[in-house]
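Shown next, in structure tokens, is the structure this report addresses.
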Amino acid sequence: MQIIPYLLSLCAGTLIVKKFLKDTALPFSLFLGLSLLSGISISIFICFFSFVFFNTFNLLFTLMSHGLIIGLLVPKTLKTSGLPEKTYFLSELVPALLILLITGTISFIFAKNHPDGGWDAWQVWNFKAKFLLLSGSRWKELFAPELWRSSPHYPLAIPLWNVWTWSFSKDTPWFIPFWNSILSCSLTSLFIFGFLQRKRMQALLSWIPALFLFTIPFFMTLAVSQYADIFLGLYLLAALGSLYLAFTSLNVFLIFSGIFTGILSFIKPEGTILAGLTFTVAMTFIFKNKDWKEKAFLFLPAALIAGLPSILFQLFLSPGNQTFINGLASSSNPSTLLRLKIILGFFIIEITRLKWGFLWFLLLAAALLNFKKVFKEYVFVLPVIAYMLIVIFYYWVNTYFEIEWWLAVSLNRILMALAPALILWISLSVIPKKSSSL
């Protein structure tokens with residue numbers, strides 16, 4: 001029974017992909033990745049509005065909503081095959097399944113050492129999911145400022161996904177968030193491989209960036225801790241990758257970039273910032289094109305509809321950040337030059353640590369050796385650079401926490417969430433193509 005939510009999400013997501021990309025040649029890896037993440041996005045959206053409409057989690061509403069989407073889309077997708085070129089599609093079936101098998105196995109090995117996740121999983125993400133599922137009509141008490149240690153101002157995408165996947169369980173079994181973290185890891189690898197294959201990069205070389213993160217024990221330990229950071233990295237990767245495909249091949253990928261950007265804003269405050277930056281970059285590029293109306297019509301509705309939960313949450317539910325002191329205005333906790341020096345120095349020390357397996361050295365070396373190609377990809381350049389500047393500024397201006405402790409517990413997760421998108425960005429620039437792009 002516990003597999004039912006996953007199947008419904010996958011079915012809804014697959015039909016969405018087949019409807020909008022019915023005439024597009026896709027490698028199976030990208031087809032499956034888009035289907036799964038679109039389905040997850042739909043389920044998060046529906047679960048949120050279950051709480052809005054019924055003041056509790058309503059299983060009947062969520063099932064009927066999934067059924068309605070599936071029922072509406074099935075007749076339309078049956079009119080066409082909904083499949084890309086069969087030879088291209090099938091030739092990618094085995095590599096995609098191998099990617100899932102390898103990454104799923106590695107993720108499982110790391111996850112089984114901490115089956116209940118890390119500290120933030122207990123205190124923030126899984127705690128919120130259990131509260132939402134079990135508290136009935138009292139779910140809004142989750143946002144009481146007294147629960148500041150559980151970050152009540154954090155959005156609810158991860159908890160709602162856990163709620164949905166718990167919905168056919170008798171209780172809140174540990175293995176659901178456990179498998180969800182493994183799924184997030186595997187999807188991350190699948191998307192990197194799928195985006196590279198869509199651009200017809202050399203297949204053997206595409207395996208390296210798709211699997212590289214899974215060779216870094218520190219990254220994997222963070223990724224399977226059941227925190228939001230791997231989910232954040234996955235959605236950022238999918239949003240920017242889809243945006244890249246939209247501006248280098250087909251406009252229709254703007255729909256998926258919009259969906260993923262909207263849900264990205266509902267994962268974490270950092271996700272809200274990244275979604276805003278992605279949205280800004282997308283709209284800037286859209287308005288630079290002659291067919292801007294067509295592009296805007298594809299991206300804007302998808303982004304705004306998918307972003308509705310985030311908008312409503314910020315307006316009506318979030319109690320605001322209880323752990324913020326404006327150091328620019330505070331005399332007792334000022335933002336000093338020393339604090340800024342500590343931040344910049346810690347950043348340099350962090351990216352040079354061996355626990356990252358030379359990841360940042362390799363990315364930097366690849367970028368410098370292919371400088372012109374790499375920095376031509378403004379879809380990736382602008383959000384990433386702007387985000388890091390915002391992060392540094394926020395560390396400096398928010399003086400609530402001792403800066404050394406705060407950097408030690410959070411900077412590695414910020415970098416970890418950026419890593420998949422950075423790997424895709426560099427790989428798209430440096431891996432040679434086996435033929436012209438579609």
Side-chain angles (χ1 to χ4, degrees), residues 118-120 124 148-149 151 153-155 216 218-219 222 227-229 232-233 236 240 264-265 267-281 314 318-368 371 374-375 378 380-423 425-426:
W119 177 259
D120 276 13
V124 180
W148 65 271
R149 290 186 182 275
S151 301
H153 65 292
Y154 278 18
I216 304 174
F218 178 72
F219 178 90
L222 288 177
Y227 294 178
D229 304 284
L232 183 72
L236 177 65
L240 292 181
L264 174 64
S265 71
I267 296 174
K268 217 179 171 186
E270 293 95 318
T272 307
I273 295 169
L274 284 165
L277 293 172
T278 303
F279 185 90
T280 301
V281 169
Q314 296 297 340
S318 174
N321 190 352
Q322 306 299 307
T323 56
F324 180 82
I325 293 176
N326 184 356
L328 296 178
S330 172
S331 57
S332 59
N333 294 76
S335 298
T336 63
L337 181 60
L338 176 61
R339 185 180 180 91
L340 182 59
K341 288 180 179 178
I342 292 172
I343 295 166
L344 297 175
F346 199 98
F347 180 86
I348 295 171
I349 292 171
E350 179 66 30
I351 63 174
T352 57
R353 285 179 174 169
L354 292 179
K355 65 183 181 182
W356 287 104
F358 302 103
L359 170 65
W360 308 110
F361 289 109
L362 291 171
L363 290 177
L364 180 60
L368 292 176
F371 189 84
V374 167
F375 286 90
Y378 298 111
F380 295 93
V381 175
L382 298 178
V384 169
I385 292 178
Y387 176 65
M388 287 311 303
L389 291 174
I390 291 170
V391 165
I392 290 169
F393 179 76
Y394 186 73
Y395 273 129
W396 181 60
V397 77
N398 181 7
T399 56
Y400 184 90
F401 297 112
E402 289 293 332
I403 190 60
E404 293 88 348
W405 173 84
W406 193 16
L407 287 165
V409 299
S410 64
L411 181 59
N412 52 27
R413 285 187 277 169
I414 287 173
L415 293 172
M416 173 254 193
L418 284 177
L422 287 172
I423 285 178
W425 168 23
I426 302 300

What I'd like to find out is whether the side chain of Leu328 reaches to under 4.5 Å of the side chain of Trp396, using heavy atoms alone.
yes
How would you list, by chain and number, every residue that makes a side-chain hydrogen bond (donor to acceptor under 3.5 Å, both in side chains) with Tyr227, sequence neighbours excluded?
none
What closest approach, in Å, do Lys355 and Phe218 show between heavy atoms, and which atom pair accounts for it?
O-CB, 3.2 Å
Quick one, Leu382 with Leu277, criterion side chain to side chain contact (heavy atoms under 4.5 Å, CB included). Give me CA distance, side-chain angles, the key distance, then yes/no.
CA-CA 8 Å; Leu382 298 178; Leu277 293 172; over 6 Å; no
If we ignore hydrogens and angles and just use 3.5 Å, is the side chain of Ser151 paired with the main-chain N or O of His153 as donor and acceptor?
no
Would you call Arg339 and Glu402 a salt bridge, using N to O less than 4.0 angstrom?
no
Using every non-hydrogen atom in the two residues, find where Ile273 and Tyr387 come nearest and quote the distance to one decimal.
CG2-CD1, 3.9 Å
Heavy-atom closest pair, residues Leu359 and Ala419
CD2-CB, 4.1 Å
Any Pro155 side-chain heavy atom under 4.5 Å of Pro269 side chain:
yes
Are more than 12 heavy atoms from other residues, nucleotides or ligands located less than 6.0 Å from atom OH of Tyr400?
yes
Do Thr352 and Phe361 have side chains that approach each other closer than 4.5 Å (heavy atoms only, starting at C-beta)?
yes
What heavy-atom pair brings Ile216 and Gly357 nearest, and what distance separates the two atoms?
CG2-N, 4.3 Å
Any non-hydrogen side-chain atom of Asp229 less than 4.5 Å from a side-chain atom of Lys268?
yes
Under the rule for ring pair (Phe, Tyr, Trp, His ring centres under 6.0 Å), what residues qualify as partners of Trp360, not counting sequence neighbours?
Trp356
Please check this pair: side chain of Asn398 against backbone of Thr323, looking for a donor-acceptor N/O pair closer than 3.5 Å.
yes
Can you name the closest pair of heavy atoms from Ala367 and Ile426 and give their distance?
CB-CD1, 3.9 Å
Using atom types as modelled and distance alone, determine if a side-chain donor or acceptor of Thr272 lies under 3.5 Å from a backbone N or O of Ser265.
yes
Is the closest side-chain heavy-atom distance between Leu236 and Thr278 below 4.5 Å?
yes
Just so I know, are the side chains of Leu274 and Ile267 near enough to count as touching, which here means a heavy-atom distance under 4.5 Å?
no
Can you tell me how far the CD atom of Glu270 sits from the CD1 atom of Ile390, to the nearest 0.5 Å?
11.5 Å
Could you check whether the rings of Tyr395 and Trp406 sit parallel, tilted or perpendicular, using 30° and 60° as the cut-offs?
perpendicular
Would the number of heavy atoms belonging to other residues, nucleotides or ligands and lying under 6.0 Å from CZ of Phe375 be above 12?
yes
Do you know the tightest heavy-atom contact between Phe347 and Leu411?
CA-CD2, 3.8 Å
Spacing of CD1 belonging to Ile343 relative to CD1 belonging to Ile403, to within rounding of 0.5 Å:
4.0 Å
Quick one, Val381 and Val374 - any side-chain contact, counting heavy atoms below 4.5 Å?
no
Return yes if some donor-acceptor pair links the side-chain N/O of Arg413 with the main-chain N/O of Ala228 below 3.5 Å, else return no.
no
Distance (rounded to the nearest 0.5 Å) between Leu240 CG and Leu422 CG
9.5 Å
Are any side-chain N or O atoms of Thr399 and backbone N or O atoms of Asn333, one a donor and one an acceptor, separated by less than 3.5 Å?
yes
Does NZ or CZ of Arg353 lie under 6.0 Å from the centre of the six-membered ring of Phe346, at an angle within 45° of the ring axis?
yes
